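Following: one structure in structure tokens, then a few remarks.
A note on names: the letters A, B, ... follow the listed sequences, proteins ahead of strands, and every chain is numbered from 1. Note that the structure is predicted; figures quoted are calculated from it, not measured.
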2 protein chains.
Amino acid sequence: MNGRHSGRPTLEEVAVRAGVGRGTVSRVINGSPRVSDRAKAAVEAAIAELGYVPNRAARALAGNRTDAIALVIPEPETRLFAEPYFSDIIRGIGAELADTDMQLLLTLIRTPKERARFGQYLAAHRVDGVLLVSVHEDDPLPDLLEQLEMPAVLNGRRSDLESVSYVDADNVGGARAAVAHLIDRGRRRVATITGPLDMYVARARLDGYRQAMADAGLGGGAAGGGATGGSGAGEELIAAGDFTEEGGRRAMRELLARRPDVDGVFAASDVMAAGARAVLREEGRRVPGDVALVGFEDSAIARHMDPALTSVRQPTEEMGRTMARVLLEEIAERAAVRRHVVLATELVQRESV
Amino acid sequence: MNGRHSGRPTLEEVAVRAGVGRGTVSRVINGSPRVSDRAKAAVEAAIAELGYVPNRAARALAGNRTDAIALVIPEPETRLFAEPYFSDIIRGIGAELADTDMQLLLTLIRTPKERARFGQYLAAHRVDGVLLVSVHEDDPLPDLLEQLEMPAVLNGRRSDLESVSYVDADNVGGARAAVAHLIDRGRRRVATITGPLDMYVARARLDGYRQAMADAGLGGGAAGGGATGGSGAGEELIAAGDFTEEGGRRAMRELLARRPDVDGVFAASDVMAAGARAVLREEGRRVPGDVALVGFEDSAIARHMDPALTSVRQPTEEMGRTMARVLLEEIAERAAVRRHVVLATELVQRESV
DNA sequence: CTGAAAGCGCTAACAT
DNA sequence: ATGTTAGCGCTTTCAG
């Protein structure tokens, strides 16, 4: 009735080999300080000799934890935000997790049904924490996570009042710098192509645009303090996009129709900037000669865009790293301490403008 | 000594509620046919009422499996092959796994040390199977996997003699179609920019080039049957790249130096095609007027390249799907049946050339 | 067809 | 400091 060993040595065998009890072996493995050096050495030797590797499942079962975290990616977003952004995030997360024995579970959520099932998923204690990217304002997942008291970190935030821990780029600052740059270069009729305004990131970038315009005394709207509201004459310099190239095209056409004299455009994403540039060229405008473009670097295509195109770079990989670090901390302390991290962006000037 | 319930209902509770034994509940959950309809109904009702979700750790421990597979990505490759390729693969894998309760573990391997640790990782039975992308010819991982009798599926293959299961795109066919296309359009001095020839995928694409050249009676080398060997006058139309844009530039310059009269180029990746195009333009050649370009679509930038640029499209997402499907099959049958799947590519003609 | 019982390998509380 | 013991929740014989 015994002995259908799966081949691999168990903690028990290590204990025997080392001439100690199982408890001691467990303590050594988990780095408990309450072990004599002698015992510790013996155990470590036995582990090495036997090639012992702890069984995760057993550990998870007994310890009521999984040593795994989930990276949740809503499927639609994966397309929108151009993939390299995620790649970098993932790279960062991976880098941070490398020293840990924490596993990274990839969880793609594509349907509302799967979204619903996610609750169960978490409930089943299948992960110690959750990393969430591309959260929309009305995303119920963060609240669910909070209810379940599940450690979680968002990439970005739903609003200024985000309660769940998050790591975000300084979108306002980045946008502001981008627009200020255009203005510094002598552009006066600077327009912006926004992202979908139900996303905080899009609103933040629009805010940055407004602030920069206001700072320069140009009529970019009512802002200056950070409020997204505000309307006025400058509104005709604002066109809504949706972070897609086609959206960028549409918005650029709209802008051109409303203000043929536009001489600078800040697009809230490089993909939209690419679309805008295409339209500008079709319309016979020189870029950046007639119209200068600055985009937010969300995607790899930035590297393949017009070399003269300046853009706002986000510390994407660093964000991934930070997300993981924050999550690990949150898991370590059982307390629900929320952390809000905003990382600086950088204006990468490609050429003349 | 008991009762520090974690809150969630257990199989035992379901059994009590349904008025059956634990064994029966387990059978129902695992879809065993050896259960009466009555018992099954009772158990299902109890499960629904209690909101029972099986505990994966317990299951893994008792069943000696994990219901998880690992997607292994060598870090360096992640950069090379431009990320969208992976994104699509992952999307496909995710889609296929959605109906399963199989988990996807993301495993980034960046250092030789981590590569070494991977053996332990597997040994600890932490996954039921492995998905491997971007395998180099000298990659030891596939062999390790085979030794361990671990179900595994590669994306691509190390050579024509690959022993491990794989899912690959028809690189030879794609390259051949691309070059044939150029020749059909009247190009006669068609060159190729290859990938690193220590990768099968690069050799396969070169083979395709050679075959098409030979078919047309143009001196593309000695080939025709698939051998990569072969030299001759046509060799000067072949330049080695490394799948990077800069590599594409270098190769293009080389080509131009050797054969200023080149009128068509098949680049083994779109990233290199982009580099080649940049050089061509710098040199004052019109693309595709003077020199027509066809690239293999590995990356998203294809979408942003010259609209006149025709390219070879791979069924990337489908490949991911297939990989997952094949792996699941391999896991299901305990036997080590190797499957080799080659999916067709498609020539996407953008415009005139 | 279905209970009962024996673990899977580990952690953690309890005695020493 | 360390051995012992009792489970964690599930799968799987083994008897009926």
To the nearest Å, how far apart are [X] [atom1] and [N] [atom2]?
X: Arg126(B); N: dG9(C); atom1: CZ; atom2: C1'; value: 14 Å
X: Ile29(B); N: dC10(D); atom1: CD1; atom2: C1'; value: 8 Å
X: Arg8(B); N: dC8(D); atom1: CZ; atom2: P; value: 16 Å
X: Glu13(B); N: dC10(D); atom1: CD; atom2: C1'; value: 14 Å
X: Arg65(A); N: dG9(C); atom1: CZ; atom2: C1'; value: 13 Å
X: Asn30(A); N: dG9(C); atom1: CG; atom2: P; value: 17 Å
X: Asn55(B); N: dG7(D); atom1: CG; atom2: C1'; value: 14 Å
X: Arg59(A); N: dC10(D); atom1: CZ; atom2: C1'; value: 20 Å

Closest approach to the side chain of [X], judged atom by atom: which nucleotide of [options] is it?
X: Arg34(A); options: dT11(D), dT2(D), dG3(C); answer: dT2(D)
X: Thr24(A); options: dG9(D), dC1(C), dT2(D); answer: dT2(D)
X: Leu61(A); options: dC10(C), dG9(D), dT12(D); answer: dG9(D)
X: Arg22(A); options: dC10(D), dA6(D), dG9(C); answer: dA6(D)

Quiz prompt | Degree of bending, the helix from dC1(C)-dG16(D) to dT16(C)-dA1(D) (end axes from five pairs; round to 10°) | solution =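 Comparing the axis at each end, I get an angle of 40°.
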Quiz prompt | Distance-only donor-acceptor check, side chains Tyr121(A) and Glu114(A), under 3.5 Å | solution =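 Looking only at side-chain atoms, Glu114(A) and Tyr121(A) do not form any donor-acceptor pair under 3.5 Å.
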Quiz item: Under 4.0 Å between a Lys/Arg side-chain N and an Asp/Glu carboxylate O for Arg115(A) and Asp139(A)?
Solution: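 So Arg115(A) pairs with Asp139(A) through a salt bridge.
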Quiz prompt | Salt bridge flag under 4.0 Å for residues Arg126(A) and Asp67(B) | solution =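 Here Arg126(A) does not pair with Asp67(B) in a salt bridge, since their nearest N and O are not under 4.0 Å apart.
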Practice problem: Kindly say whether Ile69(A) contributes a backbone atom to a donor-acceptor pair with the side chain of Asp128(A) at under 3.5 angstrom? | Solution: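 Not confirmed, Asp128(A) side chain does not pair with Ile69(A) backbone.
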Exercise. Would you kindly compare Val20(B) and Ala58(B) by the position of their nearest DNA chain C nucleotide and give the one closer to the 5′ end?
Key: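 The residue mapped nearer the 5' terminus is Val20(B).
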Quiz item: Hey, does the side chain of Asn64(B) come within less than 4.0 Å of dT11(D)'s phosphate (OP1/OP2), counting only N and O?
Solution: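 No, no such contact exists.
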Practice problem: Pick out which of Glu330(A), Glu329(A), Glu162(A) makes a salt bridge (charged side-chain N to carboxylate O under 4.0 Å, His left out) with Arg339(A). | Solution: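 Going through Glu330(A), Glu329(A), Glu162(A) one by one, the salt bridge (charged side-chain N to carboxylate O under 4.0 Å, His left out) with Arg339(A) is satisfied by Glu329(A) alone.
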Practice problem: Could you pull out all residues at least two apart from Asp143(B) that satisfy side-chain contact (heavy atoms from CB on, under 4.5 Å)? | Solution: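 Once residues adjacent in sequence are excluded, the partners of Asp143(B) under the side-chain contact (heavy atoms from CB on, under 4.5 Å) criterion are Glu146(B), Arg158(B).
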Quiz item: Is atom CG of Asp138(B) surrounded by more than 12 heavy atoms (other residues, nucleotides or ligands) closer than 6.0 Å?
Solution: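 Yes, enclosed.
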Practice problem: Answer with yes or no whether Arg27(A) presents, from its side chain, a donor or acceptor under 3.5 Å of a partner atom in the base of dT11(C). | Solution: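 For Arg27(A), whose side chain was compared with the base of dT11(C), there is no donor-acceptor pair (under 3.5 Å).
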Quiz item: Quick one: on DNA chain D, does Glu12(B) or Ala39(A) contact a more 5' nucleotide (nearest heavy atom)?
Solution: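 Whichever sits nearer the 5' end wins; that is Ala39(A).
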Exercise. For Ser26(B), report the nucleic acid contact type (base, sugar-phosphate, nothing); a contact means any heavy atom under 4.0 Å.
Key: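 Touches a base.
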Quiz item: Checking all strands, does Val25(B) fall into the base, sugar-phosphate, or nothing category for heavy-atom contacts under 4.0 angstrom?
Solution: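 The answer is nothing, as Val25(B) stays clear of every strand by at least 4.0 Å.
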Self-check item: Val43(A) and Lys40(A), any side-chain heavy atoms less than 4.5 Å apart
Solution: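 In short, these two side chains do not touch, never coming nearer than 4.5 Å.
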